[in-house]
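As structure tokens, the structure follows; a few thoughts come after it.
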Amino acid sequence: MTLIRGHIIALDPTNKQATYFAKACGVARLAYNWALDNWQKQYQADKTYRDECLKNGIEIDETKLNKPSQGKLRKQLNSIKRQQFPFMLEVTKCSPQLAIIQLGDAFKRFFKGESKYPQFRKKGVNDRFSLSNDQFRIDSKRIKIPNLGWVKMRENLRLQGKILSAKIFKQGEKWFVSVAVELQDIIKPQPKTDKQVGIDLGITDLATLSNGEKIQAPKPLKAKLNKLKRLSKSLSRKQKGSKNREKAKTKLSRLHFKISCIRKDFLHKLTTSLVKSYDVICLENLNVKGMVKNRKLSRAINDLGFYEFKRQLIYKANQWGKTIKELDRFYPSSKTCSCCGFIMDKADLTLAIDLFPNLNSDLV
């Protein structure tokens, strides 16, 4: 059994190296937006030709169609970049090429109904660029990047396996590298505990276990909401293009990053503890996408990280040989008394009530 895992490591670039990263991110963003614009134009030209043929009763000549694809767009960019975009040669060739490949993957997901239509990338929003496995090398606590050289990393790569790719991105005004590694024989069974548990996710308490234990989340967004509002207001008052605006933007970005780190740290510790403590874990299959549409609860649900909790629980259980079972989302877990099994009427159920049923043998 194989699995692809990503290891995110903080980087310590010099000022020159950080400038190179910013240029590479800019080139990747330009290539992605250029490819998306040309994709739309080529698709529209084909659509116009088809409509005219149907209108005039003419048979469609497939040779006149220019169906867009990431392969064609990459060749088209290579033919013009030396004249129109000579600055692209200052960074690794993977930056523009892999950005266009990612656009092709985005369209594949869109046509399968797995994601929305690809959007243009914006400067300063998820800045990143990717590297193929033949364009970088890792040696202890450093990574070698084309046209740049060795860059210091904060830690060694902990995963052992075939290195597939790397993505360098900026978050909280800090640079990170995410290395994708294909792992072999990932299942490392933990000692059996002969225990099973059911988990009911909630807002007041993140998780209520079937044994009566309640686990509260730190709710970092709620705790730092006032500071977040203050920094956001401070940023909006700064003049665009000024140094003070950049400083305010940096402070706000670092706070968002800190909130994210607190949430992920708590969820990692909690899910690891649950998987090590129980052999079978029953989890309700919640419609998180539908729940966050409730404007009164969306902030609280996003602050708790329901989806991230479930994602971590599943991949850790698979890695350590434990079992995850999903209950139907319409199963009345919150309306069933854990003592007598009485099911409350829907009208009597409020957000202040958090009950969980006893685990039945047919569930576990």
Side-chain angles (χ1 to χ4, degrees), residues 1-29 31 88-99 101-102 126-190 250 253-254 256-269 271-273 275-276 308 311-312 315-316 318-321:
M1 181 177 179
T2 60
L3 180 71
I4 298 176
R5 290 278 298 275
H7 185 193
I8 299 177
I9 304 174
L11 299 174
D12 278 330
T14 63
N15 290 336
K16 181 181 178 180
Q17 292 170 342
T19 302
Y20 177 93
F21 289 161
K23 286 183 179 180
C25 289
V27 168
R29 181 175 60 253
M88 285 187 175
L89 302 176
E90 298 177 6
V91 299
T92 172
K93 63 179 182 181
C94 290
S95 180
Q97 293 295 307
L98 293 185
I101 292 177
Q102 290 163 5
N126 296 327
D127 287 337
R128 74 273 194 191
F129 70 96
S130 300
L131 298 167
S132 56
N133 59 356
D134 62 333
Q135 292 294 309
F136 70 95
R137 184 158 59 94
I138 294 178
D139 179 22
S140 186
K141 292 185 178 181
R142 58 179 187 166
I143 179 173
K144 190 174 185 179
I145 300 173
N147 300 345
L148 183 61
W150 293 100
V151 181
K152 292 182 180 178
M153 301 192 304
R154 292 284 182 89
E155 58 179 307
N156 293 315
L157 181 64
R158 296 195 300 267
L159 304 178
Q160 299 295 327
K162 180 182 178 182
I163 296 178
L164 301 179
S165 62
K167 180 180 71 174
I168 295 178
F169 62 97
K170 191 176 186 181
Q171 191 173 13
E173 298 303 315
K174 296 180 181 179
W175 289 100
F176 298 85
V177 60
S178 176
V179 183
V181 182
E182 184 180 46
L183 305 179
Q184 300 286 343
D185 300 326
I186 62 166
I187 298 179
K188 301 176 181 178
Q190 291 283 324
T250 299
S253 177
R254 286 177 177 172
H256 277 294
F257 179 62
K258 185 175 183 179
I259 291 172
S260 174
C261 287
I262 293 173
R263 183 183 300 116
K264 288 181 180 179
D265 177 71
F266 169 77
L267 290 177
H268 272 295
K269 291 177 179 177
T271 51
T272 299
S273 174
V275 172
K276 287 184 176 180
E308 182 66 13
R311 186 190 70 84
Q312 292 184 16
Y315 89 74
K316 290 178 182 179
N318 292 335
Q319 180 177 341
W320 291 331

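Side chains are part of it too, since the values below use all heavy atoms of this structure and drop only hydrogens, waters and symmetry mates.
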Hey, what do you get for [atom1] ([X]) to [atom2] ([Y]), rounding to the nearest 0.5 Å?
X      : Y      : atom1 : atom2 : result
Ile138 : Ile9   : CD1   : CD1   : 6.0 Å
Leu267 : Ile262 : CG    : CD1   : 12.0 Å
Ser130 : Lys167 : OG    : NZ    : 7.0 Å
Leu98  : Ser132 : CG    : OG    : 5.5 Å
Asn147 : Lys93  : CG    : NZ    : 10.5 Å
Asp12  : Lys141 : CG    : NZ    : 10.0 Å

Do Thr271 and Lys316 meet the criterion of a side-chain donor-acceptor pair at a distance under 3.5 Å? yes
Compare all side-chain heavy atoms of [X] with those of [Y] and state whether any distance is below 4.5 angstrom.
X      : Y      : value
Leu131 : Ser165 : no
Gln17  : Thr14  : yes
Ser95  : Val27  : yes
Ile163 : Leu157 : yes
His7   : Glu155 : yes
Arg142 : Val151 : no
Gln312 : Tyr315 : yes

Flag if over 12 foreign heavy atoms under 6.0 Å of CD, Gln160: no
If you count every heavy atom of other residues, nucleotides or ligands that lies below 6.0 Å from Asn15 atom CG, does the total exceed 12?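 No, not enclosed.
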Val181 vs Leu164, test: side-chain contact (heavy atoms from CB on, under 4.5 Å). Steps then yes/no. CA-CA 6 Å; Val181 182; Leu164 301 179; over 6 Å; no
Asp139 and Lys144 ion-paired at < 4.0 Å: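 Result for this pair is no, no salt bridge flagged.
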Using side-chain contact (heavy atoms from CB on, under 4.5 Å), reason through Leu11 and Arg154 one step at a time and then give a plain yes or no. CA-CA 6 Å; Leu11 299 174; Arg154 292 284 182 89; over 6 Å; no
Evaluation steps, side-chain contact (heavy atoms from CB on, under 4.5 Å), between Ile4 and Leu183: CA-CA 6 Å; Ile4 298 176; Leu183 305 179; over 6 Å; no
Please report the closest heavy-atom contact between [X] and [Y], naming both atoms and the distance.
X      : Y      : value
Arg128 : Ala28  : O-CB, 3.7 Å
Ser260 : Gln171 : OG-NE2, 4.5 Å
Glu173 : Ser253 : N-OG, 3.8 Å
Ala166 : Val177 : CB-CG2, 4.1 Å
Leu159 : Gly6   : CD1-C, 4.3 Å

Kindly say whether the aromatic ring centers of Phe21 and Phe176 come within a distance under 6.0 Å.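 Between Phe176 and Phe21, which both carry aromatic rings, the centre distance is not below 6.0 Å.
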Partners of Arg137 by salt bridge (Lys or Arg N to Asp or Glu O under 4.0 Å), sequence neighbours excluded? none
Out of Lys23, Lys174, Arg29, Lys170, which one pairs with Asp127 under the salt bridge (charged side-chain N to carboxylate O under 4.0 Å, His left out) rule? Arg29
Applying side-chain contact (heavy atoms from CB on, under 4.5 Å) to Trp150 and Ile143, what does each step give before you reach the verdict? CA-CA 5 Å; Trp150 293 100; Ile143 179 173; 5.6 Å; no
Ring geometry between Phe129 and Tyr20 (parallel below 30°, tilted from 30 to 60°, perpendicular above 60°): perpendicular
